[in-house]
A.B. asks: 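Take a look at the following structure, please.
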Amino acid sequence: MKSVISILLAATFPSFAQIGSAVRAPDPNAEALVVCSQDLHSSPEFTPYGFARATLTSLWYARNGAERGNEITKAAKATDNAFSLFTAMMRITKTSTNDFICAKRSLRPFVTKENDENVRTAADFLLVVYDAHISINERLIELIKKLGSTDVPALMDEISTLQVERGQRWADLVQPTSLALMMMVDLKRTDVPGKTTRLVVTRVQKQTLLNWIGEHFPEFKNGTPKDKWSDPAKTAQMYFKVFDGRKCADE
């Protein structure tokens with residue numbers, strides 16, 4: 001497993017370094033004040049299953065952060081008062097930041113020395129990506145403060161830059177999530193030559209993850225068109241792919 005994962009890490013490391021250099025240092029005191037509804041920090045399970053669960057939790061928080069944009073659209077339709085709109089935009093953006101802080105918190109225990117190096121690296125990568133989203137939100141708030149007092153073309157250019165960066169950072173979630181999922185695959189057992197057909201997780205663990213997905217990502221089953229899914233939700237769908245066609249450790 002280590003050699004395969006190392007190849008993926010080598011492929012993603014340049015992006016890892018590039019993102020990190022552009023991210024502002026997080027404020028640990030401010031982050032500590034955020035309350036998270038799905039806080040796994042108190043009882044992390046340092047296993048492939050535990051890391052996969054924490055990664056999935058972080059993707060759910062990221063999904064919530066991504067969908068805050070819909071709240072801004074609703075706020076715009078609900079008022080014709082610029083002051084109220086700008087206030088709502090700032091509030092919603094700050095709430096999105098809290099979502100990303102919670103996404104980080106679910107992964108924080110996995111960057112400690114007690115964990116496998118591959119787990120630490122993948123968790124670190126995800127933390128950097130979520131910090132990048134927080135930085136984008138902070139820059140967005142600064143732009144909101146300028147609304148009404150800045151040259152419109154210049155403002156539009158800055159906003160479009162943030163939109164492009166946001167899309168790139170969503171794409172960066174795929175590789176570390178792939179690593180988390182690969183750790184659940186038993187690479188030593190190949191019932192079919194050249195194919196990995198077994199998992200290291202049990203049937204109960206697999207079903208627990210699937211149940212959690214069904215509860216927290218309703219778009220997978222409620223008929224929402226896939227092009228309407230947020231990018232984190234599309235990344236979370238990868239869990240179905242890793243389970244498809246593979247037997248659990250106790251089967």
A.B. asks: Is any NZ, NE, NH1 or NH2 atom of the basic residue among R120 and E117 found under 4.0 Å from an Asp or Glu carboxylate oxygen of the other?
C.D. replies: no

A.B. asks: Between F100 and W170, what is the ring plane arrangement, given parallel below 30°, perpendicular above 60°, and tilted in between?
C.D. replies: tilted

A.B. asks: Could you list all the side-chain hydrogen bond (donor to acceptor under 3.5 Å, both in side chains) pairs where at least one residue sits in residues 225-236, not counting sequence neighbours?
C.D. replies: K226-Q237

A.B. asks: Under a 3.5 Å distance rule, please check whether R105 uses its side chain to pair with a backbone N or O of V34 as donor and acceptor.
C.D. replies: yes

A.B. asks: Taking R139 for its side chain and S135 for its backbone only, find out whether a donor-acceptor pair lies under 3.5 Å.
C.D. replies: no

A.B. asks: Is there a donor-acceptor contact under 3.5 Å linking the side chains of S58 and Y130?
C.D. replies: yes

A.B. asks: Which residue pairs pass the ring pair (Phe, Tyr, Trp, His ring centres under 6.0 Å) test when at least one of the two sits in residues 232-251, sequence neighbours left out?
C.D. replies: F220-F240

A.B. asks: Compute whether any side-chain donor of one residue and acceptor of the other, for N211 and Q207, lie under 3.5 angstrom apart.
C.D. replies: yes

A.B. asks: May I ask you to say whether R63 pairs ionically with E67, meaning some side-chain N is under 4.0 Å from a carboxylate O?
C.D. replies: yes

A.B. asks: According to salt bridge (charged side-chain N to carboxylate O under 4.0 Å, His left out), who are the partners of R166, at least two apart in sequence or on a separate chain?
C.D. replies: none

A.B. asks: Does the R246 side chain pair with the main chain of V185, one donor and one acceptor, at a distance under 3.5 Å?
C.D. replies: no

A.B. asks: If you look only at pairs with a residue in residues 84-93, which of them pass as a salt bridge (charged side-chain N to carboxylate O under 4.0 Å, His left out), with sequence neighbours excluded?
C.D. replies: none

A.B. asks: Using the salt bridge (charged side-chain N to carboxylate O under 4.0 Å, His left out) criterion, which residues pair with R203? Sequence neighbours excluded.
C.D. replies: D250

A.B. asks: Could you work out, with ring-ring contact (aromatic ring centres under 6.0 Å, His included) as the rule, every residue matching F46, not counting sequence neighbours?
C.D. replies: F110

A.B. asks: Give a yes-or-no answer on whether the side chains of T93 and N137 include a donor-acceptor pair shorter than 3.5 Å.
C.D. replies: no

A.B. asks: Salt-bridge test for D244 and K241: reply yes if a basic N is under 4.0 Å from a carboxylate O, no otherwise.
C.D. replies: no

